[in-house]
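Structure first, commentary second.
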Amino acid sequence: MRGLWWKIWIASHSRSTPRPTVLSSPPAVETCAPISKVMNQSPRVRFAPSPTGALHIGGARTALYNWLYARGTGGTLVLRVEDTDRERSTPENVAQILDALRWLELDWDEGPLSQAERGERHRARIAELVDAGHAYPDPATAADVRAFKDAHGGTGYRGEPASGPGAAIRLRVPDEGETVVDDLIRGPVRFENRLTDDFVIARGDGTPLYNFAVAVDDAEMAISDVIRGDDHLSNTPKQLLVLEALGVEPPRYAHLPLLHGPDGKKLSKRHGAASVQELRAGGYLPAAVRNYLALLGWGTEDDTTILSTPELVERFAIERVGRASAIFDERKLRWLNGRFMRELALDDYVEAAAAELEREGHADAVADPGRLRAACAIAQEKAQTLTELWPLVRFLFEAPVDDERAWAKVMDAGAARRLEAAAGVLRASEPFDTGTLEAALGELVERLDAKPRDVYQPLRVAITGTTVSPGIFESLAALGRERALERVDAALARLGAAS
RNA sequence: GCCGCUAUCGUCUAGGGGACUAGGACGCCGCCCUCUCACGGCGGAAACCCGGGUUCGAAUCCCGGUAGCGGUGCCA
């Protein structure tokens, strides 16, 4: 039952999902292949989000790095949802994460797999370890562990096999030696075994715990490279110990530096666009987000900043990822997004704009493809995000907005006279297009011996209601002679009534 | 407390002993372009956390300190 809801979800979204193979059982891999074999095969990586909320930009970057690595090496990306925390793992959260990945256009090759569904496998492995003496039941409580450590100078907890009611299963950790995480990004990181607790791998009720389940899953899914957040580095020796007890070769690890908010603290709701959905709502393009996220913690040798996704795939190198945590700065994303917006082919721009306007509730605008296209054509140079589009082009779809301040600023004493003259030009311009209007209005400016702005700004306010719009000639042409004249006449009437 | 990671302009970063009077990008300031807003062009201010070593020479290597972050759970 557990896995059913997302199978249904996937089925209903399968058209937009690249290759969502849902496996009800893991690939038939009993143990990891020998390391030499794994290294010669194409890499297998995984993105393993915990569905405890929306997908964070930190998680998004982890997903992106895994994706870039897989796509750049001809490897396989497995999506595995770590949903063993029944409290927080909800269908809504899983749906949200998949939705975020889909919006980012990050596809996966296998999954989504449910970790919770693999409980049987985990239990079998736990039984193996207990039988082999690598793990043992222990009814000790957290307080008992605390007491032991206090009494032993802070060394790792060591218990004795004892079956009691609700005894948890602990892994037997060696007293000697050290466990070394040979991290792709940080190099070797050493942990002394004597300081590591015999940690719990299964609860008193037999359900497996994260550090155990992850290790088993990575092994059974033949993951060759684990690329994940830095917050897992301290857990890695435990997973290595599990793998060792299981007699399985470990994958390689790469721990990414964490992402922080503008205040240097952990990302949170307060920081504005902290989740992928917020980025989408902010009017950002997925390609720009991918470019920006890729550069957070990774840089090119030659300082190239603008990179298409194929270029990212081509140039991304996991070993070049930095070691220090980075701060998410939305201002740079905005700039980058503007660059992508301007370079978009008009057809793609229209498509993105239509989706955004639809979301914003301007369905009527989307329903007029010709006008929408004209609007995009004149506004593409101006907007840095999709959300900036509507204010720039709404005058093409609705009556001018009423902006007192704009009116007061521009409609000075001579405005009526200049507008009157401009109206004459609009009536006479043939054809009514950008080039003709520019030439004709330019002549008018000279004839009136006026500054260009003294003619164009009143015109702009007359047709849009505001002082900010796309180019005035483009705007007039897009509006059309009839509607433009109507608006200029209305403005003249208002000016006449005022004086 | 203990363990671990990290430390170059406000931010993202380049740099991996001499090429560094420390480069690029965002942001900021000024100028130019200009019908508004953007875009674009030009110029500017702005950084190697601190202290010891190693070396002829250190942003780069080592040690210590400090700070930030992460872990330390029968959470993931």
Side-chain angles (χ1 to χ4, degrees), chain A residues 48-52 82-85 87-89 115 138-142 145 149-150 153-156 166-170 181 183 185-186 189-192 195-197 199-211 213-214 229-238 255 257-258 260 262 264-266 292 295-306 322-336 338-339 342 379 381-384 388 391-392 406 410 438 441-442 445 451-461 464 466-473 475:
Chain A
S50 171
T52 53
E82 318 252 278
D83 53 353
T84 50
D85 183 339
E87 299 276 307
R88 297 184 291 176
S89 300
Q115 184 165 71
D138 180 9
T141 64
V145 172
K149 296 178 70 143
D150 287 345
T155 63
I169 306 297
R170 287 180 186 274
V181 180
D183 197 271
I185 293 171
R186 291 156 213 284
V189 182
R190 333 184 83 90
F191 297 86
E192 284 187 74
L195 297 177
T196 301
D197 291 335
F199 58 99
V200 176
I201 57 176
R203 297 183 179 91
D205 65 4
T207 55
L209 253 26
Y210 172 76
N211 278 130
V214 169
D230 206 357
D231 50 340
H232 289 285
L233 183 55
S234 298
N235 284 324
T236 307
K238 292 181 181 173
H255 287 95
L258 264 18
H260 296 286
K265 299 256 173 65
K266 211 170 179 168
Y292 177 73
L295 255 21
L296 232 38
W298 171 74
T300 54
E301 307 88 319
D302 58 1
D303 286 326
T304 305
T305 306
I306 314 279
R323 291 173 299 276
S325 60
I327 291 173
F328 175 74
D329 179 13
E330 196 168 346
R331 289 177 304 184
K332 189 162 186 177
L333 208 209
R334 284 186 66 80
W335 167 78
L336 206 50
R339 295 283 303 237
R342 271 174 267 126
E381 290 294 309
K382 304 286 181 179
Q384 275 196 304
E388 290 173 4
L392 285 171
V410 164
E438 181 163 10
L441 286 168
V445 168
K451 289 179 189 162
R453 58 179 300 146
D454 290 332
V455 173
Y456 301 148
Q457 281 299 79
L459 217 37
R460 190 188 310 279
V461 171
T464 72
T466 70
T467 54
V468 178
S469 83
I472 188 65
F473 315 116
S475 296

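Letters A, B, ... are given to chains in the order of the sequence lines, protein chains preceding strands, and every chain is numbered from 1.
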Mate of [N] where both pairing distances stay under 3.5 Å, Watson-Crick or G-U:
| N | value |
| --- | --- |
| G64(B) | C50(B) |
| A19(B) | none |
| A25(B) | U11(B) |
| G70(B) | C3(B) |
| U36(B) | none |
| C42(B) | G30(B) |

Can you tell me how far [atom1] in [N] sits from the matching atom in [M], rounded to whole Å?
| N | M | atom1 | answer |
| --- | --- | --- | --- |
| C39(B) | C26(B) | C1' | 16 Å |
| C61(B) | C2(B) | P | 27 Å |
| G27(B) | A7(B) | P | 26 Å |
| G64(B) | C3(B) | P | 12 Å |
| G24(B) | A14(B) | P | 15 Å |
| G52(B) | A47(B) | C1' | 23 Å |
| C12(B) | C20(B) | P | 25 Å |
| C9(B) | C31(B) | P | 29 Å |

Any side-chain to backbone donor/acceptor pair from [X] onto [Y]? Under 3.5 Å, distance only.
| X | Y | answer |
| --- | --- | --- |
| Thr464(A) | Arg460(A) | yes |
| Asp197(A) | Phe199(A) | no |
| Ser475(A) | Pro470(A) | yes |
| Asn211(A) | Ile201(A) | no |

Nearest-angstrom distance from the residue atom [atom1] of [X] to [atom2] of [N]:
| X | N | atom1 | atom2 | value |
| --- | --- | --- | --- | --- |
| Lys382(A) | C37(B) | NZ | P | 9 Å |
| Ile169(A) | C74(B) | CD1 | P | 13 Å |
| Leu441(A) | U36(B) | CG | P | 15 Å |
| Phe191(A) | U72(B) | CZ | P | 12 Å |
| Asp183(A) | U6(B) | CG | P | 9 Å |
| Glu438(A) | U34(B) | CD | C1' | 12 Å |
| Lys451(A) | U34(B) | NZ | P | 15 Å |
| His232(A) | U6(B) | NE2 | P | 18 Å |

Residue [X], side-chain heavy atoms: nucleotide from [options] that is nearest:
| X | options | value |
| --- | --- | --- |
| Arg460(A) | G10(B), G40(B), C35(B) | C35(B) |
| Arg342(A) | G40(B), G27(B), C74(B) | G40(B) |
| Arg203(A) | U36(B), G4(B), A76(B) | A76(B) |
| Asn211(A) | C5(B), U36(B), A76(B) | A76(B) |
| Ala326(A) | A25(B), C12(B), G70(B) | C12(B) |
| Arg186(A) | C74(B), U6(B), U36(B) | U6(B) |
| Lys332(A) | A25(B), G70(B), G4(B) | A25(B) |
| Asp329(A) | C37(B), C26(B), A76(B) | C26(B) |
| Asp230(A) | G70(B), A38(B), C5(B) | C5(B) |
| Leu258(A) | G10(B), G40(B), G70(B) | G70(B) |

Would you indicate what [X] reaches in the nucleic acid, counting non-hydrogen atoms under 4.0 angstrom: base, sugar-phosphate, or nothing?
| X | value |
| --- | --- |
| Arg331(A) | base |
| Ala379(A) | nothing |
| Gly338(A) | nothing |
| His255(A) | nothing |
| Arg190(A) | sugar-phosphate |
| Gly297(A) | sugar-phosphate |
| Phe199(A) | nothing |
| Glu301(A) | sugar-phosphate |
| Gly154(A) | nothing |
| Ile472(A) | base |

Q | Salt-bridge present (Arg186(A), Asp230(A); N to O < 4.0 Å) | A | yes

(Q) Check Arg331(A) with Asp329(A), please: is the shortest side-chain N to carboxylate O separation under 4.0 Å? (A)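 Looking at Asp329(A) and Arg331(A), the cut-off is met.
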
Q: Tell whether Asp83(A) reaches the base of A76(B) with its side chain through a donor-acceptor pair below 3.5 angstrom.
A: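 No, the side chain and the base share no sub-3.5 Å donor-acceptor pair.
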
Q) Any N or O donor-acceptor pair linking the side chain of Asp231(A) to the base of G71(B) at under 3.5 Å? A)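 Checked by distance alone, the answer is no.
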
**Q.** More than 12 heavy atoms of other groups within 6.0 Å of Arg453(A) CZ
**A.**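 Count not over threshold, so no.
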
**Q.** Distance, nearest 0.5 Å, that separates OG1 of Thr52(A) from CD of Glu82(A)
**A.**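 Here the rounded value is 11.0 Å.
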
(Q) Rounded at 0.5 Å granularity, tell me how far OH in Tyr292(A) sits from CD in Glu330(A). (A) 8.5 Å

Q) When you match Leu333(A) and Arg170(A) each to their closest nucleotide on RNA chain B, which lands nearer the 5' end? A) Leu333(A)

**Q.** Which residue lies more 5' along RNA chain B, comparing Val468(A) with Val189(A) via nearest heavy atoms
**A.** Val189(A)

